[in-house]
Amino acid sequence: MNSEEVEKIKQAGEIARQVVVYAKEVVKSGMLLLEVVNKIEDKIVELGAKPAFPVNLSVNEIAAHCTPSFNDSEVAFGLLKVDIGVHIKGYVADTAFSLDLEDSDENKRLIEAAEAGLKAGLEKIGYGVKLGEIGKNVQEAISSYGFSPIQNLSGHEIKQYDLHAGLNIPNYDNKSDIELDEGLYAVEPFATNGSGKVRDGKPSGIYHLIKESNVRDNFAREVLKFIVEEYDSLPFCSRWIYKKFGSRGLLALRQIEQAGVLHQYPQLVEVNRGKVAQAEHSVLITKEVKIVTTNV
Ligand code: MN
Ligand code: MN
């Protein structure tokens with residue numbers, strides 16, 4: 001990674017940090033989720049970056065991959081995860097926090113456990129550290145609260161225009177001897193009072209490009225061209241396509257998906273419908289330094 005790339009990663013991280021401060025002030029119980037995402041995504045643009053993925057707002061037993069549709073009427077409540085991505089020319093910052101919107105002691109403890117898991121993971125992570133050791137640290141921190149980490153969700157390596165690249169950072173002791181290399185990583189533990197696993201739920205309306213291919217319909221081709229130019233292989237959502245192309249865009253999106261060009265993420269739901277809290281930071285690792293880019 002050259003110094004220009006590092007600079008962009010740091011800039012994206014600083015903007016993400018500011019957006020999180022803003023988001024924590026904005027979100028209130030009973031607010032439309034649609035209003036929340038619009039405010040946060042507008043703030044990212046106002047600060048000179050772009051969303052690296054649609055702001056994810058996932059409530060209670062939904063762990064991740066939930067964003068409002070263009071006409072969504074859901075409101076914020078319960079244990080809310082706010083997951084925010086920022087990018088500058090494909091250099092990404094990925095960060096998340098959780099809020100208790102119903103004054104529940106259980107929610108508050110789950111949030112503390114996820115934050116403690118994140119802290120433990122960030123303390124352990126570094127060049128040459130074995131992945132299993134990072135996971136072990138995260139797991140011990142969350143377990144000390146009497147909760148479980150979600151084992152089939154993990155942190156991940158991040159590369160330019162590639163949100164989930166290469167290595168996964170486990171949230172439990174998976175015994176992996178693989179040693180961490182230099183790079184940008186997201187550490188993101190999830191704490192739950194459920195079983196510690198998620199399953200696929202409903203379609204999320206969040207997509208990403210899996211191959212550059214053609215579609216027959218002219219208008220769908222226009223929409224696909226926009227997706228490639230605007231998002232590259234970063235995730236985007238039907239709400240954004242509606243904003244640009246209206247309801248015709250949603251039909252085109254379905255055609256493009258059916259042509260096998262897009263992958264649609266399913267929502268991820270705790271298998272026992274346990275409540276889930278999440279915490280996340282991005283961290284830049286080199287042989288010499290470790291910089292938590294979203295929390296400098
Ligand atoms: Mn995230
Ligand atoms: Mn992430």
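No hydrogens, no waters, no symmetry mates; every other heavy atom, side chains included, goes into these values. No experiment lies behind these values; they were computed from the predicted model shown. Each ligand, and each atom within it, is numbered from 1 in the order the structure gives.
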Go through the side-chain N and O atoms of Glu106 and Asn193 and say whether any donor and acceptor fall under 3.5 Å apart.
-> yes

2.8 Å cut-off met by an N, O or S atom of His156 to the Mn ion (ligand 2) | yes

Of all N, O or S atoms in Asp83, identify the one at the shortest distance from the Mn ion (ligand 1).
-> OD1

Would you check if the Mn ion (ligand 1) lies under 2.8 Å from any N, O or S atom of Asp94?
-> yes

Main-chain N/O of Gly274 paired to Asn272 side chain as donor or acceptor, under 3.5 Å | no

Atom name in Glu280, limited to N/O/S, at shortest distance from the Mn ion (ligand 1) = OE1

Nearest to the Mn ion (ligand 2), which N, O or S atom of Glu188 do we find?
-> OE2

Indicate the ring-plane relationship of Tyr242 and Phe70, choosing parallel, tilted or perpendicular according to the 30° and 60° boundaries.
-> parallel

Evaluate the ring planes of His263 and His208, with Trp represented by its six-membered ring, and classify them as parallel (under 30°), tilted (30 to 60°) or perpendicular (over 60°).
-> perpendicular

Asn295 vs Val292 side-chain heavy atoms within contact, under 4.5 Å = yes

